[in-house]
There are 2 protein chains.
Amino acid sequence: MTVTDIAIMGVGKIARDAHIPSIEKHPGFRLAATVSSSGGVEGVENHATLDDLLAAREDIPAIALCMPPQSRYEAARTALAAGRHVMLEKPPGATVAEVQALDRLATERNLTLFATWHSRYAQAVEPARAWLARRTARRARITWQEDVRNWHPGQAWIWKAGGVGVFDPGINALSILTEILPVPVRVGAAELEFPENCETPITARLELKGDGGLSVLANFDWNHEDPPTWDIEVETDDGTLRLSKGGSEMYVDGAPQDVGDTGEYDALYARFSSLLDTGARDVDLSPLVHVADAFMLGRRKIVAPFHD
Amino acid sequence: MTVTDIAIMGVGKIARDAHIPSIEKHPGFRLAATVSSSGGVEGVENHATLDDLLAAREDIPAIALCMPPQSRYEAARTALAAGRHVMLEKPPGATVAEVQALDRLATERNLTLFATWHSRYAQAVEPARAWLARRTARRARITWQEDVRNWHPGQAWIWKAGGVGVFDPGINALSILTEILPVPVRVGAAELEFPENCETPITARLELKGDGGLSVLANFDWNHEDPPTWDIEVETDDGTLRLSKGGSEMYVDGAPQDVGDTGEYDALYARFSSLLDTGARDVDLSPLVHVADAFMLGRRKIVAPFHD
């Protein structure tokens, strides 16, 4: 197997907890460098800026962008313009239009662009998709509740405009929903609660609809005492499916199903490796479109200030 | 020339002021029926519901949907499912996802779907596009100000979630901008002012960016004493272009340009006629994507209540 040198830009929690271990485990990748202004990873060459990396290491063909979404576009554009393949952490950008622009650029340059949705690689998601493909979904309910204080301690960017607030975890649920349902959905109504000292919502309730009378209720709550709940339940004409723990467990009419035990980011890097092998792109914007649509047509409610 | 029977659904101000006169003027169309629960147009067959029309008049191949965007999806889907060609007033829907779904359905059924942006047919827009195509745009400024009390008197739907507020006129500017600029743009920052008794914004300021350093400032203001201003100014490496009065007048370095005098809706129905002739679709979502993006990353500010 060819080994692809890869660089990571943005060495925060998600890079350390998920990307770096999966890169080290995958025989097709070698972590060749990092880009971080605040120091990288022990034993790995670090560059303070992306431009420094691109100038110093023309031999590194692939870059994973793991910084907050607000600054992802410029970095992705710079990397693609320099001829590098790019992986984007979720959400793939701060706007729909900017990811569409990156997709066009990658297409023009014939480079791989992988807009990842890591939750789609949770082990029960593919079995759930296969199970639903043979049935008619009538109703679904998403319950995505966690205590932001425990899961995003001190991450100020999530409360700034462009950081999407509770949709940061909620978009994981939407990425699973859009993967497993056999029909497309659209947001029909939404209500978003904004803490009066924040620019992004702390809770969101969405009603989504699909053709054929499918109705989905989603409840995203960042102000919920742990333990967290990350569940999706789908009622069909032939039984009820439940995905639990963010897509890692699957139940049919209450009975647990055998779904294997591959880790999300291991599967995600396996996918990136296969995209690189075939020169393909994987850019599905539907989860981000649903979030933008929810902001556009949602009712806004101002609630009590949030303090970390 | 074959004459196409067309029906209009939603007989409000825009239908009476614009659609019906242009249909009557165009030799390729005949207004065969209307759909309105509150009465139609004198001398034209009216049906109370779309289902009534579809059942009674299988011979009408094309339907123009002129009602507010919140209910447009269901009607468009029903009409397409019944094998009719569809024209959508702007904005083409309440969400990006629903128009994408309509586009897929029209493609599957091999029907014409025309998501119109009437301002793109203002007489100076095509000359402006041609002028800019040979130059490099550096900076642009959109000034779109009007008194909503005069232009949308008593239209309650514009203040309800899903009605997009000041983006209802503002999206006209965005539809022109995205038509005339030779490079795509994306929203980089936005600030939206919501009256405390309304679900939609009354003013919006957007910063858009395009590759190559292009920067666009857009100022949408619905709380501005008339006379209105609907101007777009673009500074290039070779002169400054100004579109005035919603795209009907064009100036280069202050000098007025000859741009003809075709009316917007006359040109729009000419376009629909040619799409029907060739069985083509015309669905460009970029103006709506920019609005959704502005809602998603915009800062919200609550301002004084609005009273009509």
Side-chain angles (χ1 to χ4, degrees), chain A residues 69-70 73-74 77-78 81 91 93-105 160-165 167 171 174 178 183-192 194 196 198-201 206 208-211 285-302, chain B residues 69-70 73-74 77-78 81 91 93-105 160-165 167 171 174 178 183-192 194 196 198-201 206 208-211 285-302:
Chain A
Q70 288 96 328
Y73 175 80
E74 289 300 339
R77 188 177 167 275
T78 301
T95 62
V96 173
E98 71 184 37
V99 191
Q100 291 175 329
L102 294 176
D103 196 24
R104 282 191 301 268
L105 178 58
K160 297 283 178 203
V164 305
F167 286 103
I171 206 169
L174 294 172
T178 48
V183 296
V185 292
R186 57 195 185 280
V187 176
E191 186 172 295
L192 315 181
F194 291 75
E196 68 176 42
C198 298
E199 293 171 359
T200 58
L206 275 58
L208 300 105
K209 295 173 188 180
D211 291 342
L285 282 176
S286 64
L288 189 62
V289 164
H290 295 316
V291 172
D293 282 343
F295 273 95
M296 180 161 61
L297 62 63
R299 291 187 170 77
R300 276 156 305 280
K301 211 173 135 185
I302 308 301
Chain B
Q70 289 98 325
Y73 173 81
E74 290 298 339
R77 188 177 167 274
T78 302
T95 62
V96 173
E98 72 183 37
V99 192
Q100 291 175 330
L102 294 176
D103 196 24
R104 282 192 301 267
L105 178 58
K160 297 284 178 203
V164 306
F167 286 103
I171 206 168
L174 294 172
T178 48
V183 296
V185 290
R186 60 195 183 278
V187 176
E191 186 172 294
L192 316 181
F194 290 76
E196 66 177 42
C198 297
E199 294 171 359
T200 59
L206 274 58
L208 299 105
K209 297 174 187 179
D211 291 340
L285 282 176
S286 64
L288 189 61
V289 164
H290 294 317
V291 172
D293 282 343
F295 273 94
M296 180 160 61
L297 62 63
R299 289 189 172 75
R300 276 156 306 280
K301 210 173 137 185
I302 307 300

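Per chain, numbering begins at 1; letters A, B, ... match sequence-line order.
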**OP:** Please test Met296(B) against Leu288(A) for side-chain contact (heavy atoms from CB on, under 4.5 Å), starting from the C-alpha separation and ending with a verdict.
**Re:** CA-CA 10 Å; Met296(B) 180 160 61; Leu288(A) 189 62; 4.0 Å; yes

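The parts of Val291(A) that come within reach of chain B are both its backbone and its side chain, each placing non-hydrogen atoms under 4.5 angstrom from that chain. Using a 4.5 Å cut-off between heavy atoms, Glu74(A) contacts chain B through its side chain alone, with no backbone atom that close. Heavy atoms closer than 4.5 Å to chain B are found in the side chain of Tyr73(A), but not in its backbone. Heavy-atom distances place no part of Ala101(A) under 4.5 Å from chain B, backbone and side chain included. Of the atoms belonging to Phe194(B), it is side-chain heavy atoms, and not backbone ones, that fall under 4.5 Å from chain A. With a 4.5 Å cut-off on non-hydrogen atoms, Val96(A) touches chain B through its backbone and its side chain both.
The stretch residues 288-300 of chain A participates, sequence neighbours left out, in these salt bridge (Lys or Arg N to Asp or Glu O under 4.0 Å) pairs: Arg299(A)-Glu199(B).
By the 4.5 Å heavy-atom criterion applied to side chains, Ser286(A) and Gln100(B) are not counted as neighbours.
In this structure Thr78(A) satisfies the side chain to side chain donor-acceptor pair (under 3.5 Å) test with no other residue, sequence neighbours excluded.
Annotation for Val185(B) and Ala97(A): closest pair O-CB, 4.1 Å, computed over non-hydrogen atoms. Looking at every heavy atom in both residues, Ala292(A) comes nearest to Ala292(B) through CB-CB, 3.8 Å. What you find for Ala94(B) and Leu297(A) is that their closest heavy atoms are O-CD2, 4.0 Å.
Ranked by heavy-atom pairs under 4.5 Å with chain B, the list Glu98(A), Arg104(A), Arg77(A) is led by Arg77(A). With chain A as the partner, the residue from Asp211(B), Leu285(B), Thr200(B), Val289(B) showing the most heavy-atom pairs under 4.5 Å is Asp211(B).
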